[in-house]
Number of protein chains: 2
Amino acid sequence: MSDTTHIPTLDDVARVAGVSTATVSRCLNEQQKVSAKTLERVMKTINDLGYTPNFNARAMAAKRTHTIGAIIPTMENAIFARGLQAFQETLHASGYNLLVSSSAYQPDLEAEQIRALVARGADGLLLIGYERGQDIYDYLQRRGVPTVLAWTSHPDGGHASVGFDNCAAMRMLADRVLAMGHRRIAVISGIVEGNDRAEGRLRGIRESLVAHGQDPDALPVIQTAYEIENGAAAFETLMAQDPRPTVVMCGNDVLAAGAISRAKHLGLAVPEDVSITGFDDIELASILHPTLTTVHVPHRDMGCIAAQELIDMVEKRSMGATRKLEVSLAMRESLRPVVEP
Amino acid sequence: MSDTTHIPTLDDVARVAGVSTATVSRCLNEQQKVSAKTLERVMKTINDLGYTPNFNARAMAAKRTHTIGAIIPTMENAIFARGLQAFQETLHASGYNLLVSSSAYQPDLEAEQIRALVARGADGLLLIGYERGQDIYDYLQRRGVPTVLAWTSHPDGGHASVGFDNCAAMRMLADRVLAMGHRRIAVISGIVEGNDRAEGRLRGIRESLVAHGQDPDALPVIQTAYEIENGAAAFETLMAQDPRPTVVMCGNDVLAAGAISRAKHLGLAVPEDVSITGFDDIELASILHPTLTTVHVPHRDMGCIAAQELIDMVEKRSMGATRKLEVSLAMRESLRPVVEP
DNA sequence: TTGTAGGCGTTATCAA
DNA sequence: TTGATAACGCCTACAA
């Protein structure tokens with residue numbers, strides 16, 4: 001085996017097949033513009049040589065990459081996994097590839113990755129939530145990169161978005177909790193700063209309290225990053241109050257999983273001693289013990305619709321629509337009515 | 001705001017700053033070769049214009065991308081999340097970017113994605129496991145793309161790899177299970193075909209049986225994809241046997257989570273009625289009820305070491321070493337000795 | 001249906 | 001320290 005192995009290029013294929021590079025290129029991109037005979041010969045040569053088109057050269061010449069970029073806050077847990085999977089499947093069906101990065105919930109990292117993805121020639125971008133610097137939106141518009149915001153519903157409709165109203169969703173759950181007689185509510189929230197989803201969910205609870213004549217400022221809230229262990233720690237802190245809460249509402253299922261786990265270690269029965277709720281309805285929610293009452297989010301739908309909208313924008317079929325999806329309550333074992341003494 | 005916004009290029013910067021494109025390029029890549037004065041002027045221009053280097057052009061000219069590609073079998077659950085996170089952090093610290101794709105456990109999809117990543121100019125690749133067609137290894141070598149195999153320990157040392165011996169690890173757990181008096185063992189395995197990790201783990205159990213004078217062919221095994229629901233279904237099937245198993249060993253924690261969940265629904269107490277074990281020790285394992293006895297895999301170490309090895313290979317400091325890591329048993333509540341009647 | 005040739009935005013080699 | 005200029009591999013009018 002020679003050590004100076006040459007990586008075949010379009011030129012090589014053209015030379016061996018006895019045609020021009022233009023013809024080879026056509027065989028790759030617009031087969032209908034090529035006679036069946038040459039097509040066959042060229043394809044055989046491509047195979048024989050083991051030729052693979054150079055993506056970067058392609059991107060430069062065509063100014064299109066058939067690549068969509070997505071930046072999600074975390075890959076560490078399953079929150080975005082299902083939606084992203086659907087997103088990617090839909091893209092793939094239309095001949096697009098997906099590039100994913102994770103911003104670790106850090107705005108500056110997200111900005112950096114947006115630039116990186118654009119620099120790589122992404123035809124479009126999927127971002128989570130709407131809360132970020134105006135400079136980023138300006139940049140995206142200047143570069144003409146179609147962008148869809150997901151997992152959120154942008155309040156002033158200035159951007160293409162596919163998602164749901166986090167505030168209304170959580171308010172719906174809180175209404176139910178209050179209707180069950182709970183009056184001592186505590187909250188384990190995600191970090192609200194720079195996270196419109198977390199902020200909306202927390203606000204939803206407060207709005208519900210107000211609507212029921214309760215004082216929203218008296219609500220005990222712990223903000224913490226979305227990790228199981230953090231949920232556990234926050235739960236323990238909240239339960240140390242006297243009198244202790246009858247229900248702990250969590251900003252997502254991961255925090256709730258931590259809370260349930262810690263409850264067990266503390267010898268507290270759920271929901272007999274304390275109710276716990278989540279948000280997202282990831283697979284974990286239905287295998288926890290007790291099973292978790294949570295807000296069901298249509299992750300797969302969101303992913304599919306976001307992908308389709310983005311493709312439509314890239315291909316100039318849409319100017320950027322706003323789609324608002326419905327969520328529902330998944331009532332399970334971890335929440336139950338307060339039993340009056 | 002003009003509608004014909006122009007995206008600034010190196011040329012634009014050069015023209016505005018009154019220098020050549022070569023100088024601008026130097027300011028970007030080898031600042032020490034440029035006088036402080038021009039450097040400052042050029043940097044200011046870059047800022048003013050909002051210039052971002054075009055990645056594809058760069059890749060073509062430099063034949064390096066500072067990008068590493070990784071193809072993992074799934075993003076749907078947390079199995080690879082922690083290790084990949086560590087992998088990416090280590091890369092980032094050395095100025096490399098990470099591109100991730102998921103193959104959904106499909107060999108042909110993996111092959112396709114390997115080609116895609118190479119076509120994009122990835123400087124190196126991280127793959128999971130060693131079992132794949134020789135043609136792929138040939139391709140990688142022909143293209144001169146450094147590759148590290150992880151989550152596995154290649155038997156014949158022909159490739160760079162960072163991982164552990166799946167077979168020995170599971171055998172260690174099985175030895176323990178047998179030492180606890182269990183004789184009716186059943187297994188929920190991942191799909192062995194094309195998955196050397198799953199195959200090794202299953203083999204480990206069989207070897208342990210043989211060493212203990214048991215018949216490995218009498219072992220009930222269900223192979224199924226790594227999903228919670230599949231673990232649950234398989235568990236139910238296995239428990240329908242008479243006499244039923246005293247322990248169900250699962251190919252990973254996700255399957256075990258499904259098994260525990262289903263046990264509860266069936267009214268079976270774990271570990272009183274049946275013991276359950278997992279593999280991987282993902283975060284989920286310690287919050288399940290009961291907590292899961294499993295094989296602890298040093299995910300973060302694996303990610304860090306793999307990244308470092310890959311970087312060393314890309315930068316010609318290593319020819320491709322093989323690193324074998326130690327695993328340990330995480331003994332928790334879900335496994336307990338058989339109580340003789 | 002096929003071929004010619006210019007250009008995409010960088011880097012890198014040589015000179016100056 | 002700086003500047004021309006030739007690649008890099010492909011696409012795409014435009015011509016034939």
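So that the names make sense, note that chain A is the first sequence line, chain B the second, and so on, each numbered from 1.
- A donor and an acceptor atom, one from each side chain of Arg15(B) and Ser20(B), are nowhere located under 3.5 Å apart.
- Judged by distance alone, the side chains of Arg58(A) and Asn29(A) do bring a donor and an acceptor atom under 3.5 Å apart.
- The side-chain heavy atoms of Val100(B) and Leu84(B), taken from C-beta on, include a pair separated by under 4.5 Å.
- Heavy atoms from other residues, nucleotides or ligands lying under 6.0 Å from CD of Glu40(A) number 12 at most.
- Of the N and O atoms on the side chains of Thr21(B) and Asp11(B), not one donor lies less than 3.5 Å from an acceptor on the other residue.
- Side-chain contact annotation: Glu110(B) with Gln106(B), donor-acceptor N/O pair under 3.5 Å absent.
- DNA chain D is contacted by both Val19(B) and Met60(B); Val19(B) maps to the nucleotide lying nearer its 5′ end (nearest heavy atom per residue).
- Atom P of nucleotide dT10(C) and atom NE2 of His66(B) are separated by 16 Å, given to the nearest angstrom.
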Please encode protein proximity along nucleotides 10-16 of chain D as a string of B, S and -, counting only heavy-atom distances under 4.0 Å.
BSBB---
Between Thr67(B) and Arg120(A), does the side-chain hydrogen bond (donor to acceptor under 3.5 Å, both in side chains) criterion hold? Intermediate values first, please.
CA-CA 11 Å; Thr67(B) 295; Arg120(A) 277 176 189 274; 2.8 Å; yes
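- At a cut-off of 3.5 Å, with distance as the only test, no side-chain donor of His92(B) or Asn97(B) sits close to an acceptor on the other residue.
- Residue Gln31(B) contributes atom CD, which lies 16 Å from atom C1' of dT2(D) at whole-angstrom precision.
- Taking a 4.0 Å limit (strictly below) on heavy-atom distances, residues 117-125 of chain B does not reach DNA chain C anywhere.
- Separating the NZ atom of Lys33(B) from the C1' atom of dG3(D) is a distance of 14 Å, rounded to the nearest angstrom.
- One side chain, Glu309(B) or Ser318(B), offers a donor N or O that lies under 3.5 Å from an acceptor on the other.
- If you check the side chains of Asp196(B) and Thr152(B), you find a donor sitting under 3.5 Å from an acceptor.
- Between Phe80(A) and Trp151(A), the angle of the ring planes goes over 60°, which puts this pair in the perpendicular group of the 30/60° scheme.
- Of the side-chain N and O atoms in Lys63(A), one or more sit less than 4.0 angstrom from OP1 or OP2 of dG9(C).
- A heavy atom closer than 4.0 Å to some atom of DNA chain C occurs in Thr38(A), these being the qualifying members of residues 36-47 of chain A.
- Between the C1' atom of dT10(C) and the CZ atom of Arg15(B) lies a distance of 16 Å, rounded to the nearest Å.
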